[in-house]
Amino acid sequence: MAGPKLQAPKGTFDVLPPEGERRRALARACEEIFAAYGYAYAETPVFEDTEVFARGVGESTDIVQKEMFTFEDKAGRSLTLRPEGTAGICRSYVENGMHKLPQPVKLWYWGPFFRHETPQAGRYRQFNQVGIEALGSDDPSLDAEVILILAELLERAGAQGIRLRLASLGSIDTRRAYLDELRDFLRGREAELSEEVRGRLDTNPLRAFDADHEGTRVVVADAPKLMESLSDEDAEHFEHVRRMLDAAGIAYEIDPSLVRGLDYYTRTVFEFTSDALGAQSGVGGGGRYDGLVEELGGPATPGVGWAAGIERILLAAGEAGEGQSPPQVYVTPGGFALARELRSRGIRVELEQAGRSRKGQLKHADRLGVGWVVLVEEDGLQLKEMANGEQRAVADADEIERALR
Ligand code: ATP
Ligand code: MG
């Protein structure tokens with residue numbers, strides 16, 4: 001019985017060819033780059049106890065307050081579709097006792113994430129992120145390393161108009177002292193602030209830096225900057241990171257107002273944007289989160305990492321980036337076993353499987369862009385070279401393979 005047409009939910013999308021192949025190519029690039037730096041692949045569940053994000057990402061963040069898909073299971077437990085990857089990885093680090101492994105533990109992930117946002121170009125409710133985390137060391141070379149890796153990945157993906165902004169938020173103590181100072185300053189000019197920023201003065205005064213509200217921006221321009229209150233240790237850590245990036249020839253801009261939308265960051269934070277994207281210019285970002293593992297019930301453990309949006313990387317790459325390799329050989333009906341034999345030798349083979357006439361077969365082979373057609377005739381195999389139309393009898397897969405070389 002025919003029913004009404006169904007649609008994918010708002011803010012979701014299907015990945016179809018050739019887009020699917022561009023994604024797989026990007027995934028292969030990720031695997032190669034991460035392996036070279038010693039990051040190993042990990043997966044965590046797509047949903048977690050809501051607590052993981054409430055505590056991990058921070059109660060006062062937009063993500064937790066507005067963007068999570070939260071539901072109850074049949075036993076009344078509150079679960080949430082993961083809005084980001086780091087909290088889950090840290091939950092897993094604690095639960096699996098990874099602090100007993102040699103440190104740092106270096107992991108990467110790739111998969112779907114969920115945020116209840118207004119859908120628009122480059123902003124979806126189900127999207128995909130790739131990310132890396134290095135846990136268990138606060139060595140500044142790790143901060144520089146993760147930044148280098150993302151820069152390398154974006155270059156390899158062909159992302160256009162990439163810029164990097166960088167800042168340091170200081171250690172947890174510095175940050176806490178600064179937040180008090182900032183809060184006092186903002187209270188002094190409370191009347192000029194937006195309602196939203198006023199509402200969050202207690203929980204998250206840093207959000208003032210993110211505001212679009214004109215009055216708030218005027219106030220914020222005069223506000224004390226966190227970068228100016230860094231302790232000597234934090235300043236030195238940041239200096240190390242910068243020196244390594246300079247030595248690697250990575251261009252960046254120091255942006256003291258860079259506030260990431262997650263509460264867990266300490267010390268280095270960074271964001272890569274692309275001028276090729278419209279309003280949704282963020283391609284990927286991250287930073288150091290030295291308090292997060294402890295916040296989630298584990299031993300005090302430093303960590304640093306980033307997440308990048310797959311869809312935004314591909315958008316920023318435009319048509320650049322590799323797609324699927326076309327088939328090399330097209331085999332006419334009757335060649336099922338031969339096709340299998342050729343494929344086992346690593347040759348990409350397309351078999352005629354749609355009942356076309358001989359004329360239709362050759363037209364299709366041409367459209368596919370294959371170099372060679374194997375015509376399976378009653379008296380044997382004919383190999384046709386598409387470039388010049390030449391055709392000759394061949395005995396078997398060996399001979400075809402030789403012709404292709
Ligand atoms: P934005 O400022 O665009 O909302 P964000 O700061 O919330 O981004 P992060 O939490 O840092 O983003 O996530 C890392 C990356 O994931 C972003 O740089 C972006 O590429 C991608 N991303 C985040 N939210 C979405 C979304 N709703 N749809 C598609 N990609 C997203
Ligand atoms: Mg966001």
Side-chain angles (χ1 to χ4, degrees), residues 8-15 19 23 26 30 46 52-53 56-58 60-69 80-90 108-133 146-147 149-151 153-154 157 159-167 169 196 204 206-207 209-212 255 257-266 268-289 292 303-317:
K10 195 173 169 195
T12 69
F13 53 86
D14 300 312
V15 177
E19 198 53 31
R23 261 168 206 264
L26 181 60
C30 287
V46 164
V52 170
F53 306 114
V57 179
S60 69
T61 58
D62 274 355
I63 292 181
V64 172
Q65 291 203 340
K66 304 187 203 160
E67 297 175 359
M68 297 206 301
F69 283 94
T80 293
L81 296 181
R82 59 183 189 184
E84 61 90 60
T86 306
I89 291 279
C90 289
W108 73 275
Y109 60 84
W110 169 302
F113 292 85
F114 306 83
R115 293 185 194 179
H116 199 286
E117 302 195 76
T118 308
Q120 47 201 296
R123 189 177 297 286
Y124 315 98
R125 292 185 173 174
Q126 174 172 344
F127 56 101
N128 293 275
Q129 283 186 342
V130 58
I132 69 175
E133 316 287 358
V146 298
I147 292 171
I149 292 175
L150 185 48
L153 176 60
L154 293 174
Q160 303 294 307
I162 293 296
R163 289 175 206 254
L164 167 62
R165 290 180 303 140
L166 192 65
L169 301 179
E196 203 187 355
N204 197 352
L206 273 181
R207 302 302 297 177
F209 286 103
D210 248 359
D212 290 328
D255 180 356
S257 68
L258 180 62
V259 193
R260 308 264 317 132
L262 303 99
D263 270 357
Y264 50 60
Y265 288 114
T266 52
T268 315
V269 287
F270 57 91
E271 194 158 73
F272 284 85
T273 55
S274 164
D275 298 339
L277 303 176
Q280 272 54 252
S281 64
V283 177
R288 184 161 275 293
Y289 45 86
L292 180 56
V304 62
W306 51 256
I310 302 301
E311 291 74 30
R312 295 213 194 149
I313 295 177
L314 291 171
L315 276 172

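Every number for a ligand or one of its atoms is a count from 1 in the order of the listing. Note that the structure is predicted; figures quoted are calculated from it, not measured.
Using a 4.0 Å cut-off between heavy atoms, Val283 contacts ligand 1 through its backbone alone, with no side-chain atom that close. Using a 4.0 Å cut-off between heavy atoms, Phe127 contacts ligand 1 through its side chain alone, with no backbone atom that close. Here Arg125 has no heavy atoms under 4.0 Å from ligand 1, in either its backbone or its side chain.
Checked options Glu311, Glu117, Arg123; the residue passing with Gln280 is Arg123 (criterion: side-chain contact (heavy atoms from CB on, under 4.5 Å)).
Considering only non-hydrogen atoms, atom 3 (O) of ligand 1 lies nearest to Arg312 out of Gln280, Glu311, Arg312.
In this structure, Arg165 CZ and Ser257 OG are separated by 7.0 Å, a value rounded to the nearest 0.5 Å. Annotation: the span from Glu67 atom CD to Thr61 atom OG1 amounts to 8.0 Å, rounded to 0.5 Å. The structure places SG of Cys90 at 4.5 Å from OH of Tyr289, a figure rounded to the nearest 0.5 Å. One finds the CZ atom of Phe270 at 5.0 Å from the CD1 atom of Ile147 (value rounded to the nearest 0.5 Å).
In this structure, Arg312 contributes its side chain and Gly122 its backbone to a donor-acceptor pair below 3.5 Å.
Near Gly309, the atoms of ligand 1 lying under 4.0 angstrom from a non-hydrogen atom of the residue are 15 (C), 16 (O), 20 (O), 21 (C). The contact set between ligand 1 and Gln129, taken as ligand atoms under 4.0 Å from a residue heavy atom, comprises 13 (O), 14 (C), 15 (C), 16 (O). Those atoms of ligand 1 that come under 4.0 Å of a heavy atom in Arg115, given as number and element, are 5 (P), 7 (O), 9 (P), 10 (O), 12 (O), 13 (O), 23 (C), 24 (N). Using a 4.0 Å cut-off to heavy atoms of Gly122, the atoms of ligand 1 that qualify are 28 (N), 29 (C), 30 (N).
Between Ile63 and ligand 1, a contact under 3.5 Å exists for no N or O pair. Considering backbone and side-chain atoms alike, Gly282 places an N or O below 3.5 Å from some N or O of ligand 1.
Here the side chains of His116 and Arg125 are in contact, with some heavy-atom distance below 4.5 Å.
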